Amino acid sequence: MRRPFALALAVPLSVAIAVPATAAQPRLPVSEFSVLARAGAGGYDVVAAGKAVRAAGGTVVASNAAAGLITATAPAGGFLERVSGDRAVFGAATAKSIGTVPKSGKAVPKPDVVEAEPGRAAPRPGSSAGLDPLDDRLWGLRSVRSDLARTVQPGDKRVKVGVIDSGIDGTHPDIAPNFDRAASRNFTTDIVADVNGVPVDGPCEYRGCVDPVDVDGSGHGTHLAGTIAAAANGFGVSGVAPNVTLVNLRAAQDSGFYFLQPTVDALTYAGDAGIDVVNMSFYIDPWLYNCAANPADSAAEQAEQRTVIEATRRALDYAHRKGVTMVVALGNQHSDLAAPRPDTTSPGFPANSTHPRTVDNATCLTLPVEGPHTIGVAGFGPSQKKADYSNYGVERISVSAPGGYKRDYFGTPWYDSRDNEILSTYARSVGVAAGYIDGAGDITPAGASVGIRKETAADGRAGYFRWLQGTSMAAPHAAGVAALIVSQYGRPAGGGGLGLNPDVVQRILERTASKIPCPVPRTVDYRKEGRDASYTATCVGDAAFNGFYGHGAVDAWAAVTHGRYRS
């Protein structure tokens, strides 16, 4: 379990007798570090790396043998240099936030997977589900044809989808029926302030500064979970795969920052716990791009980024080997990932530490989407126009999905409409803390202004919903379709679950996606929608594959009725 930064105050040393001033040694603040073990013939030697930590004056707090990552505490002065010089260590970094929410054990499946018959796939017993009262507001649900797919395959309870994010409100009436509390984990500990005393998460709400596994720190994770698998229970909304199981794999702080150890722990746990699909709607921070040797960065900053790149690669490789399909938001920087613009926002933590950098695409990665085995998802609006904020480019895109685009339909009455965004589940505790919901459970004027709505279930329980947009909202549509693919074609796996090789899942997802050609003209100017010239984007490719839509828009109906695959 991750521990918070140890913040030590400078306390005068009290002694009973006078000593010369030169004899007193200053007490250095204790900090937390990530130490990555070097790979050896038998894997990652965390024992040897742990010895290196102790020899450098540190203490091992936690270790992840699957990725070779150690969390250590030590006085800050000189520890990084000492531990990095040991042959057992690949690299080390000061532990800090390495991801932000984008703004606006199961065995590996057997190789002898049979080929599905052409045409309509045979449904599993009892495979059907209806629609919920608010589903007529979910244009994204219809866009991916989940409304049709659920008549054949609404998802199998044995399929588990992990949401690596800010948490899931497991008490929400639309989430609770599908929420697996026993399998859920919170890999974070609230941090009151950073090493400079700047507030981060604020005061701890729970004993030990660890939120329960059914609590959402910001509301982001609950929104994604609802899009993936809100229950079709006659209340509120339903998800793309309304019968699959949701698992909270929390890796985000309340403030929206991600740390290396929780993120890696969430991925390796997903592999060990039999999670079939994970959704990752975040990017690795404090660096928007993690560069191997950017000349604008100090030697320590370069080493930190190399450590992040290697640790993330190891975790992604491990999860993939264990049968986890990894769906990732492409990002909201309206950038062609093959031609990144200068980075002026990194490092984003601690506060006031950014400096401008020219980004070399060959040696700089935005993670996890540019890591191995990931399915990158771009976002579009209800007209299928590429959302202005969405990243794009043929280098990393896989598919596209509804992400919401409030400025869609420019020149019509539908322009700038909240209905152009994505409606999904919202955590009540977050709404109360933000002043959107009052103590009686009613929506305040501030809540109404941002699109919060309340529904009351037959048993009197209240459920809250909110409109949002972003590639964060696109990825869970794709994750839901991936979960339906595992439900339809998976084979029994260890622990009573289902399993399907993640490469097979990706092939079905891409091959059954609805093809969308580049717009005419190929260059789209968003200035009439109020954006500046940096949003102007050019689509490269053809209808089969292009930089705006990848292999196409994910299609749940096609995926579960016409998915042909080989192992």
Side-chain angles (χ1 to χ4, degrees), residues 93 96-104 164-165 220 251-252 256-260 263-264 266-267 278-294 296-297 301-302 304-317 319 326-349 353-379 386-400 403 470-475 478 534-535 537 547-548 550:
K96 30 175 101 161
S97 154
I98 63 154
T100 60
V101 171
K103 295 174 177 64
S104 197
I164 303 180
D165 211 88
H220 192 261
F257 290 111
Y258 287 73
F259 288 92
L260 182 58
T263 304
V264 168
L267 281 166
V278 294
N279 186 98
M280 293 185 282
S281 290
F282 60 88
Y283 65 86
I284 301 295
D285 231 4
W287 308 92
L288 174 58
Y289 293 93
N290 286 271
C291 302
N294 194 300
D297 302 330
E301 289 172 333
Q302 292 176 8
E304 175 183 304
Q305 292 167 81
R306 289 193 296 269
T307 300
V308 171
I309 291 169
E310 176 66 12
T312 303
R313 181 194 64 77
R314 292 180 185 181
L316 293 170
D317 282 344
M326 293 173 285
V327 180
V328 188
L330 205 63
N332 299 338
Q333 290 75 43
H334 54 277
S335 176
D336 181 347
L337 290 179
R341 291 189 294 272
D343 178 12
T344 61
T345 64
S346 301
F349 188 95
S353 58
T354 61
H355 56 263
R357 307 186 298 163
T358 298
V359 178
D360 172 21
N361 186 55
T363 60
C364 299
L365 301 173
T366 184
L367 294 167
V369 73
E370 292 194 290
H373 315 300
T374 59
I375 300 172
V377 186
K386 184 191 89 69
D388 55 6
Y389 56 78
S390 180
N391 285 349
Y392 59 98
V394 295
E395 183 175 275
R396 293 306 309 182
I397 192 172
S398 175
V399 291
S400 53
T471 56
S472 285
M473 284 69 245
S534 70
Y535 284 81
F548 277 14

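Scope of the values below: all heavy atoms of this structure, side chains included, with no hydrogens, waters or symmetry mates. In this text, all values refer to a predicted model and were calculated from it rather than measured experimentally. Sequential numbering from 1 along the given sequence is applied to the chain's residues.
Classified by interplanar angle (parallel below 30°, tilted 30° to 60°, perpendicular above 60°), the ring pair H334/Y535 is parallel.
No side-chain donor-acceptor contact under 3.5 Å links T358 and D360. Side-chain contact check for E395 and N361: at least one donor-acceptor pair (N or O, by modelled atom type) lies under 3.5 Å. No side-chain donor-acceptor contact under 3.5 Å links D297 and Q302.
Just one residue in the list I397, V377, V399 forms a side-chain contact (heavy atoms from CB on, under 4.5 Å) with L330, and that residue is I397.
Contact detail for S534 and R341: the closest heavy-atom pair is O-NH1, 3.5 Å. Across every non-hydrogen atom of A475 and N279, the tightest pair is C-OD1, 3.2 Å. Annotation for Y289 and S346: closest pair N-OG, 4.3 Å, computed over non-hydrogen atoms. The shortest non-hydrogen separation linking G403 to Y389 is O-OH, 3.1 Å. Closest non-hydrogen pair, D336 versus G393, comes out as OD1-CA, 3.5 Å. Heavy atoms only, all atoms of each residue included: V308 and T312 are closest at O-OG1, 2.7 Å.
Contacts of R314 classified as salt bridge (charged side-chain N to carboxylate O under 4.0 Å, His left out), with partners at least two apart in sequence or in another chain: E310. Residues that satisfy the side chain to side chain contact (heavy atoms under 4.5 Å, CB included) test with L365, not counting sequence neighbours, are I309, L367, E370.
Between M280 and L267 the shortest side-chain heavy-atom distance falls below 4.5 Å. Looking at N294 and E301, their side chains never come closer than 4.5 Å, going by heavy atoms from C-beta outward. At least one side-chain heavy atom of P286 sits under 4.5 Å from a side-chain heavy atom of E304. Using a 4.5 Å cut-off on side-chain heavy atoms (C-beta onward), T366 and L337 make contact. Side-chain contact check for M473 versus H220: some heavy-atom pair is nearer than 4.5 Å. In this structure, the side chains of F282 and P368 come closer than 4.5 Å at one or more pairs of heavy atoms. In this structure the side chain of N332 never reaches within 4.5 angstrom of the side chain of Y283, judged on heavy atoms.
Judged by distance alone, with hydrogens and angles left aside, the side-chain atoms of S398 form no donor-acceptor pair with the main-chain N or O of I375 at under 3.5 Å. Proximity of a side-chain donor or acceptor of T471 to a complementary backbone N or O of G331 within less than 3.5 Å is detected.
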Q: Carefully, step by step, assess R396 and T374 under the rule side chain to side chain contact (heavy atoms under 4.5 Å, CB included).
A: CA-CA 9 Å; R396 293 306 309 182; T374 59; 3.3 Å; yes
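Annotation: the span from R357 atom CZ to T344 atom OG1 amounts to 10.5 Å, rounded to 0.5 Å. Of the inter-residue distances, the one linking S472 atom OG with D165 atom CG reads 7.0 Å to the nearest 0.5 angstrom.
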